[in-house]
Protein chains: 2
Amino acid sequence: MTQPLAAASRISQRRQAALSDGGADYSAKRAELIRIAAIVFREKGYATATLNDIAAVFGTDRASLYYYVASKEELFQECIQNILDTNVAAAAGIAELPVSPREKLTQLISLMIASQVEHYPYMYVYIQEDMRQVVSQDAEWATRMVEQTHRLEKFFRDAILEGVADGSFRDGLSATLVANGLFGMLLWTHRWYVPGTKYSEQELTATFTALFFDGLATP
Amino acid sequence: MTQPLAAASRISQRRQAALSDGGADYSAKRAELIRIAAIVFREKGYATATLNDIAAVFGTDRASLYYYVASKEELFQECIQNILDTNVAAAAGIAELPVSPREKLTQLISLMIASQVEHYPYMYVYIQEDMRQVVSQDAEWATRMVEQTHRLEKFFRDAILEGVADGSFRDGLSATLVANGLFGMLLWTHRWYVPGTKYSEQELTATFTALFFDGLATP
DNA sequence: ACATTTGTCAACGCTCGAGTTGACGGGCCG
DNA sequence: CGGCCCGTCAACTCGAGCGTTGACAAATGT
């Protein structure tokens, strides 16, 4: 993420020093900055948000940000990476559980909703922004993030295929299309659902699982 | 859309002249420019795309664009407005049909998919970009577009409520949540589905209707 | 008491991209 | 032929925003 080489500028040297002997205070403040960046990115969009905006909320000058972070891009990467990796790991855990495909999918659905509720601005930014457009350098990073997303999708697809194989899910529908449909249902929430308003996490999960497994038509 | 007042610059005067006596050649070339803008916006995102990028594809100089269009923003608005208004009108037509709620929703689903296939770059841009972030002036326009989207959603929600009322759809799920779920399924396609590759429009429509009405579980 | 580190910020450089100007070639019409 | 519009573009202004510098006060350590 942070290149160890090419420590060009003065602050970048001081930043790397502070980073490497990782004081608790420093780390905490850096984390706080990233938290705030996520909020601002969510509100204005990565491209539209300026470091000035972020610094203002952070309560300091734009120049000071560089004491914690090398660039606007790094700020973005820090917002995405943790939460995405965490989700993939959690999904992998669910995929390995010795439970029915239906139960697996239920847990995966629950995971995605919970993640959006718990890590609201982060997940919003992750879902909304296009990695490859935002990150100009370090295209390798963008590729890795896209791969992570594909991995996430695959857990859904695999669970579906499993269910088709054991007869608990209907045959004849493309597992990829079904998985993408479900994924859309889950991720699109970022556009209309603000955690803590009107609907509860449980309501969302319950509605989406009911809809996905059994459909809207009366039985 | 184009302000009749404040005809400041030289080209803007010539543009408005050309616009008002609307020659066929001029209109055609302007439409072509908008078509190309949509393609570039889709590829790079509104913020990242430059007028240079667009001009290059258009095969002319950046300065020449202003003969057809007042600003980058106007280019964006032209991309969105037509297709959105068209969709709302089409959905309104479907909503008034004397058919079952299920049939209505089927047609609405089909409409959204068809629209994305037929007007690919336009719909992509419409779905991906956030009106309120892109349009800085003319917030009134952004508001109108957001309202149009709400109107679109309402046709889905109303059809669902109708079906719940007449017993063809299950009770106990929030119509709003269900509608949003379906909407997500339909709109998220823009992220993974490129028309003309791998899956046909019919396959998408069939899979999504099957999934939405009857669910994935075996009956 | 003195040196060093820590966090900060005014000020600057620099690039990039939007919008404007003024003019020029080429076609069209009198 | 001579005037005129049409589409174009080289060249400019201008503002925004990122990244850097160098220095300064306060805290911290010796």
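All of these numbers come straight from a predicted model, not from anything done at the bench.
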Rounded to whole Å, CD of A/Q13 lies from P of C/dT5 at a distance of 13 Å
Give the ring-plane orientation class for A/F41 versus A/Y46, where under 30° counts as parallel, over 60° as perpendicular and anything between as tilted.
tilted
How is B/Y68 classified with respect to the nucleic acid when contacts are heavy atoms under 4.0 Å: base, sugar-phosphate, or nothing?
sugar-phosphate
Salt bridge check: are A/D85 and A/R151 linked by an N-O gap of less than 4.0 Å?
no
Proximity to the side chain of A/Y67 - top-ranked nucleotide from C/dC9, C/dA18, C/dG7
C/dG7
Any idea which of C/dG19, C/dC9, C/dA23 is nearest the B/R14 side chain?
C/dA23
Presence of salt bridge, A/E140 and A/R132, under 4.0 angstrom:
no
When the distance from CZ of B/R10 to C1' of C/dG19 is rounded to whole Å, what number comes out?
14 Å
Counting only side-chain heavy atoms from C-beta out, which of D/dG19, C/dG19, D/dT20 sits nearest to A/A63?
D/dT20
So what does A/S64 hit on the nucleic acid, given a heavy-atom distance under 4.0 Å: a base, only sugar-phosphate, or nothing?
base
Can you confirm if the NZ or CZ of A/R30 lies within 45° of the ring axis of A/Y68 and under 6.0 Å from the centre of its six-membered ring?
no
Atom pair distance, as rounded to whole Å: CD in B/E73 and C1' in C/dA18:
11 Å
Under-3.5 Å donor-acceptor pair between B/R62 side chain and C/dG19 base
yes
Spacing of A/L33 atom CG relative to C/dG7 atom C1', expressed in whole Å:
13 Å
From C-beta outward on A/L51, which listed nucleotide comes closest to its side chain: C/dG19, D/dC18, C/dG7?
D/dC18
Rounded to the nearest angstrom, tell me the gap between atom CD1 in B/I11 and atom C1' in C/dT20.
6 Å
